[in-house]
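Okay, structure first, notes after.
None of the values given here were measured: they were computed from a predicted structure.
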Amino acid sequence: MNQDLNKQIIIAAVRRHLLAILLSVIVGMLLAFAISNYMVDKQYESKAQVYISNVDAATYQKVTTSDLSAARTMANTYRYIMSSERAVQMLRKELASDPEFDIAYLDSYSTKMSVVGDTEIIEISVRCRDPKMAALICNKIVAISTVLISDIFEGGKCNSLGEAKPEYNPCYPNVRNMMLLGAVVGLLLSAAAIMLVYLLDNRVKDEADFASKIGIPVLGEVPSIYELEYGRENYGYYADYKKQND
């Protein structure tokens, strides 16, 4: 009985503050939109793929299944080499000497290399605050990886599957996801505020609420008879109330 009563009170409180909850959701969405558009640095991502091969073009007639299996096995090894300190130093040197590269972005980009499924293909992705710089860095990594892998592995090859292009739509932040997150946060905060007010409110609201809090039945109810005096509410006397209403 008490649980049903509490649920009814909570539902009634939510209904009373439905407009405030809706406003909190809208405010949360607007704040998330403003933050993602004006307060967070945008990131742009460029991608390129390279194909791993471990056969020498001068000695083979066709690629066998064992060659493909060996290439897949070596893909992770190649990936570590492409992200090694030696590769990083070669990349920084190449970027610093390239007149098209803005030196201000030398320490403000991030790279990620991953093997595509169960294949011998490695995908390179670069994130930067400038889309052109992201594509330039990605292509530099492909060029360096080709030289580095051929130098370390005899017969090893790293062939580019296409040039990285600038992507002018930012990959971060995702404005739509941020707005959805803002709406959820606004909803949760408003609901938490309503629940907090409900938990801290120890006033008796009706007979059922009194019975649930005190634990004894209500035998009768005295009406609230009051009069205004000096702008304040005061309890009056029944005789005066009766005289005024006769």
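- Residues Val184 and Leu188 have side chains in contact (heavy-atom distance under 4.5 Å, counting atoms from C-beta outward).
- Looking at heavy atoms from C-beta onward, Thr77 lies out of side-chain contact with Arg79 at the 4.5 angstrom threshold.
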- Evaluate the criterion salt bridge (charged side-chain N to carboxylate O under 4.0 Å, His left out) for residue pair Asp98 and Lys93; output intermediate values, then yes/no. CA-CA 9 Å; Asp98 193 326; Lys93 184 177 179 180; over 6 Å; no

- Message: Working note: Lys47 + Ile124, criterion side chain to side chain contact (heavy atoms under 4.5 Å, CB included); need CA distance, chi angles, decisive distance, verdict.
- Response: CA-CA 6 Å; Lys47 295 182 179 180; Ile124 304 166; over 6 Å; no

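- Atom CE in Met90 sits 8.5 Å away from atom OG in Ser145 (nearest 0.5 Å).
- Heavy-atom minimum distance, Ser160 versus Val50: CA-CG1, 4.2 Å.
- Put simply, the side chain of Ile52 does not reach to within 4.5 Å of the side chain of Ile121, judged on heavy atoms.
- Residues Leu136 and Leu106 share a single hydrophobic cluster, defined by chaining ILVMFWY side chains whose heavy atoms lie under 4.5 Å apart.
- Ile103 and Ile141 fall within a single hydrophobic cluster, where Ile, Leu, Val, Met, Phe, Trp and Tyr are joined by side-chain heavy atoms under 4.5 Å apart, directly or via other members.
- Looking at Glu94 and Arg92, no side-chain N of the basic residue comes within less than 4.0 Å of a carboxylate O on the acidic one, giving no salt bridge.
- The two residues Arg127 and Cys171 come nearest to each other via the heavy atoms NE-SG, 3.5 Å.
- Ser46 places a side-chain N or O within 3.5 Å of a backbone atom of Lys165 that can act as its donor or acceptor partner.
- You'll find the side chain of Gln49 stays beyond 4.5 Å of the side chain of Ile122, heavy atoms only.
- The OH atom of Tyr109 sits 5.5 Å away from the CG atom of Leu95 when rounded to the nearest 0.5 Å.
- When the side chains of ILVMFWY residues are joined at heavy-atom separations under 4.5 Å, either directly or via intervening members, Tyr105 and Ile144 end up in a single hydrophobic cluster.
- Summarising the geometry of Ala183 relative to Val25, their closest heavy-atom pair is CB-CG1, 3.8 Å, with the distance given to 0.1 Å.
- Of the possible polar contacts, none joining the Ser150 side chain to the Val147 backbone as a donor-acceptor pair under 3.5 Å is found.
- Contact of the Met113 side chain with the Glu123 side chain is not registered, since no non-hydrogen atoms from C-beta on lie closer than 4.5 Å.
- Under the 4.5 Å side-chain criterion, counting only non-hydrogen atoms from C-beta, Pro173 is in contact with Lys42.
- Within the model, atoms OH of Tyr172 and CG of Asn177 stand 11.0 Å from one another, a figure rounded to the nearest 0.5 Å.
- The OG atom of Ser125 sits 12.0 Å away from the CD1 atom of Ile137 when rounded to the nearest 0.5 Å.
- Transitive grouping of hydrophobic side chains (ILVMFWY, heavy atoms separated by less than 4.5 Å) keeps Leu181 and Leu30 in distinct clusters.
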- Item | Chi angles and distances behind the side chain to side chain contact (heavy atoms under 4.5 Å, CB included) call for Asn169, Glu45 | CA-CA 9 Å; Asn169 292 321; Glu45 186 175 45; over 6 Å; no

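- Under the side-chain contact (heavy atoms from CB on, under 4.5 Å) rule, Phe33 has a single partner from Met179, Met178, Arg176, which is Met179.
- Side chain of Asn139 to backbone of Glu163: no donor-acceptor contact under 3.5 angstrom is found.
- Separating the CG atom in Leu22 from the CG atom in Leu18 is a distance of 7.0 Å, to the nearest 0.5 Å.
- Nearest heavy atom pair, residue Ala48 against residue Val142, reads CB-CG2, 3.9 Å.
- Distance CG/Leu31 to CE/Met39: 9.5 Å, rounded to 0.5 Å.
- Taking all atoms of both residues into account, the shortest heavy-atom contact from Leu148 to Ser84 is CD2-OG, 4.5 Å.
- Cluster annotation: Tyr44 and Met133 are assigned to distinct hydrophobic clusters (Ile/Leu/Val/Met/Phe/Trp/Tyr, side-chain heavy-atom contacts under 4.5 Å, transitive).
- Using a 4.0 Å cut-off between charged nitrogen and carboxylate oxygen, Asp102 and Arg129 do not count as a salt-bridge pair.
- At distances below 3.5 Å, at least one donor-acceptor pair connects side-chain atoms of Thr146 with backbone N or O atoms of Cys158.
- Atom OH of Tyr80 is surrounded by 12 or fewer heavy atoms from other residues, nucleotides or ligands within 6.0 Å.
- The shortest non-hydrogen separation linking Ile21 to Ser190 is CG2-OG, 3.7 Å.
- Residues Arg16 and Ile194 have side chains not in contact (no heavy-atom distance under 4.5 Å, counting atoms from C-beta outward).
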